[in-house]
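Proteins get letters first, then strands, A, B, ... in listed order; numbering begins at 1 in each. Keep in mind that what you see is a predicted model, and the values were worked out from it rather than measured.
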Amino acid sequence: MSLMRLALLSLWNRRLTAILTILGIALSVTLFLSVEKLRTGARESFANTISGTDLIVGARAGDVQLLLYSVFRIGNATNNITWESYQDIAARREVDWIVPISLGDSHRGYRVVGTTPGFFEHYRYRRDTELRFAAGTTLDDLFDTVIGADVAKALGYAVGDRIVVSHGTGRGSEAGHDDKPFRVTGILARTGTPVDRAVYVGLEAIEAIHVDWQGGGRVEGLRIPVERVRNMDLTPKTVTAALVGLKSRITTFRFQRFVNEYDAEPLTAILPGVALSNLWSLVGVAERALSAVSLMVIVTALLGLVTTLLASLEERRREMAILRANGASPRTISVLLTAESGLIALAGALLGLAFLYGLLFTLQPLLDSRFGLYLKIDAPDLQDCTILGIVVLAGIAAGFIPAWRAYRRSLADGMSIRS
Amino acid sequence: MSNSEHALSIRGTAFAWEGGFGLEIAAFDLHARERVLLLGPSGGGKSTFLNLVAGITTPSRGQIDVLGTDIAQLRGSRVDRFRVDSFGIIFQMFNLMPWLSAIDNVLVPLRFSRLRRSRTGDARAEASRLLGALGIEKTLFDQRAGTLSVGQQQRVAAARALIGGPGIILADEPTSALDRANARAFLDLLFAELEAAKAALLMVSHDETLADAFDRVVRLDDIARVTGNPEGSAAA
Amino acid sequence: MKSSIWLAVAFTTLGGVAFAEETRHADAHEHGHGTFQMVIEDDHAVIEIAVPAFDIIGFEHTPSTTAQRDAMADAAAALSRPNTLFAMPAAAGCAIGQIEIGFGATGGHRHEHGDQDEHEEHADDNHGKDDHEKDEETHSEVKAFYLLACKKTEALNRIEFGYFDAFPEAEELDVVILSAAGQSAGEVDRDNKVFEIE
């Protein structure tokens, strides 16, 4: 009979407490690892929101604010850019492409984005992934619209449906531009980014639906029919922001300086990657707090392990005395206890890992569809392994305390166990 | 002093617990194959005496010669190996690990003693033979020890003490949990196997009625002097 | 032809009034804090740093003593060793193509490294009165520009900032790196000298 088998049989004898302890560690490990997964997943999803755009230009604002309204469609621009400035920027030699974004209208709670077909061509997410049409095609006619995947799914729209855009960004005021309905010509494939939650129309269409509006309200008695609108000059007066791609990356900082120092109008150009990381460092505090909390849970579970082992020592005094009488050295007894503790921690860590993958496989589709949070399921990475290793090592270390106590006690008790 | 005549020989040994309590043993001898009953009241230093003999506690002075080796001089895990090589030990009760089978309990010393393992040959066969000789029915061999009666458990403990032929059996009140008839039967079976194994027996008890079965009866008071209250201190 | 573009870039960034306002973080002149910008494209990398002169040479006025002139020369020598200041993976095989270092004054910046009272005390210290006045009037900034030619820019995945060992007064650099993989930004400081490019 090997010492290992002896230890395992002894542990099996106390299986209820052992299993509960293992479960405690497993759950804490699962919690920590899934928080880490969510954290990195969220960060990646976040950082992957926009790529391939060198600069975003908007009215003078903080870089995070500009990023929030132009990319995440959160909040509103304080000012727009005049069409003249936009044209000026677009004409620069360094500019490869420029895509305008005009915000301010909504459709049943989803933002309406006035832009050009160039948007679908140049917008990139997740490491240079292009937007794809799940159905239909890009904008062509004045009253065409392309909708994001979430919009199509939530509102049950298909290509060919007619929708009405309302003024402002609140829900409810559906009667807004009801005289000028749009036809859905395309539905974008899912991206897991805010692109999915918007309705896209041509820049001129934004002008068109506002020709008979003034100062945020419909001009009394003025209803310009669609056919007359088509013949009007629909050149926009302003845009909200512009995405810019440069011919050479080298010119980025110089171009940014040009925009920021643009005399005719106070403008801001941001590097989306930099703004994303600035924004993330704001969010990151909460994220790190979450990590810290789940780390504390692991510590708690390990403390539970120590407690369980210490409590078990009392009922195991007899076992220790028998082993001592039959040739086990105090060191052997310490090793038995540390091995047991390490074994529990190892079982807990592995079970925790199994739970994590179980969770990932069951929740991944839900997270993707509900929150646009795409978690990759791949083999545990170095960091996961490090955490698991630390848990096992901490488990072994946790065994030192009861082992030392058992060592001391086995010396003091000797063979005289009478209870 | 170390010759084959002595299984155990103690000279001028003293042990002190923290706090000034102690036990002094002037001289004690156990001859080979001799059966000695050591009588003493509870709390009279019997446990300390046994711990000293078994090398679990180290004396502050003097020598404890066991089968030709001064156990007081052994250090570290060597004393633990020496203990299992030389002694078979039976406690008053709770001798067995209740979750192991009877036969696995008997095999425990062989795990730690290469010497006794080498003397045993087929370990399971020998364990079965001993259990049978000590009156355990075959059907109980593979039962969890915790399900056996107290009497059966003591006999399994005796089989464990005897396996692999250690020179000395140390027994700490092994019959105190048994009724008189069972105690007698236990001793008879134990003695028969001692004969076969050619081992000496040092049994500690407070029960004088067992005296007639032994070669010699020694009173702890006559060979040892308690200073303070070592049992009380030991339990603390 | 390509290299002429690079030279043109180098000239426009550093030549002329090179100390115009930076877009990020340069609005505030804060001792210990500088910026590090790097663009990787094709087989080239351009690095541009802008740091308060205090971080590099320990003072911000025109050098007036021999010791101060020596300090400036030492700083210039240290700045000429970008592979020590900004160590990149050997696998990238980057060689220095061009280095430009400029010391200059920045006008109209807000003063952030101490309030007025502190400065009054400074004046009574071993600082001369002239020094003190200069200190208050001007801030100067060191700009350095490096053009690297790399064999394998994909291998450029991290930079170790030996910069903090070379300049004991430097505390922090805001890092922005633009490459084919995207834009990455962050901070490096004395305790955290390695920037991983994602």
Exercise. Taking atom CZ of Arg15(A) as the centre, does the number of heavy atoms from other residues, nucleotides or ligands within less than 6.0 Å exceed 12?
Worked result: yes

For this session: Using atom types as modelled and distance alone, determine if a side-chain donor or acceptor of Arg83(B) lies under 3.5 Å from a backbone N or O of Arg324(A).
Result: yes

Rounded distance (nearest 0.5 Å) linking atom [atom1] of [X] with atom [atom2] of [Y]:
{"X": "Asp104(B)", "Y": "Leu6(A)", "atom1": "CG", "atom2": "CG", "value": "8.5 Å"}
{"X": "Leu9(A)", "Y": "Trp99(B)", "atom1": "CG", "atom2": "CH2", "value": "9.0 Å"}
{"X": "Asn326(A)", "Y": "Arg111(B)", "atom1": "CG", "atom2": "CZ", "value": "12.0 Å"}

Exercise. Where does Thr332(A) contact chain B at under 4.5 Å (heavy atoms): side chain, backbone, both or neither?
Worked result: side chain

So for [X], is it side chain, backbone, both, or neither that comes closer than 4.5 Å to the heavy atoms of chain A?
{"X": "Asn95(B)", "result": "backbone"}
{"X": "Arg116(B)", "result": "neither"}
{"X": "Leu96(B)", "result": "backbone"}

Exercise. Looking at Val84(B), Asp80(B), Val79(B), which one has more heavy-atom pairs under 4.5 Å with chain A than the rest?
Worked result: Asp80(B)

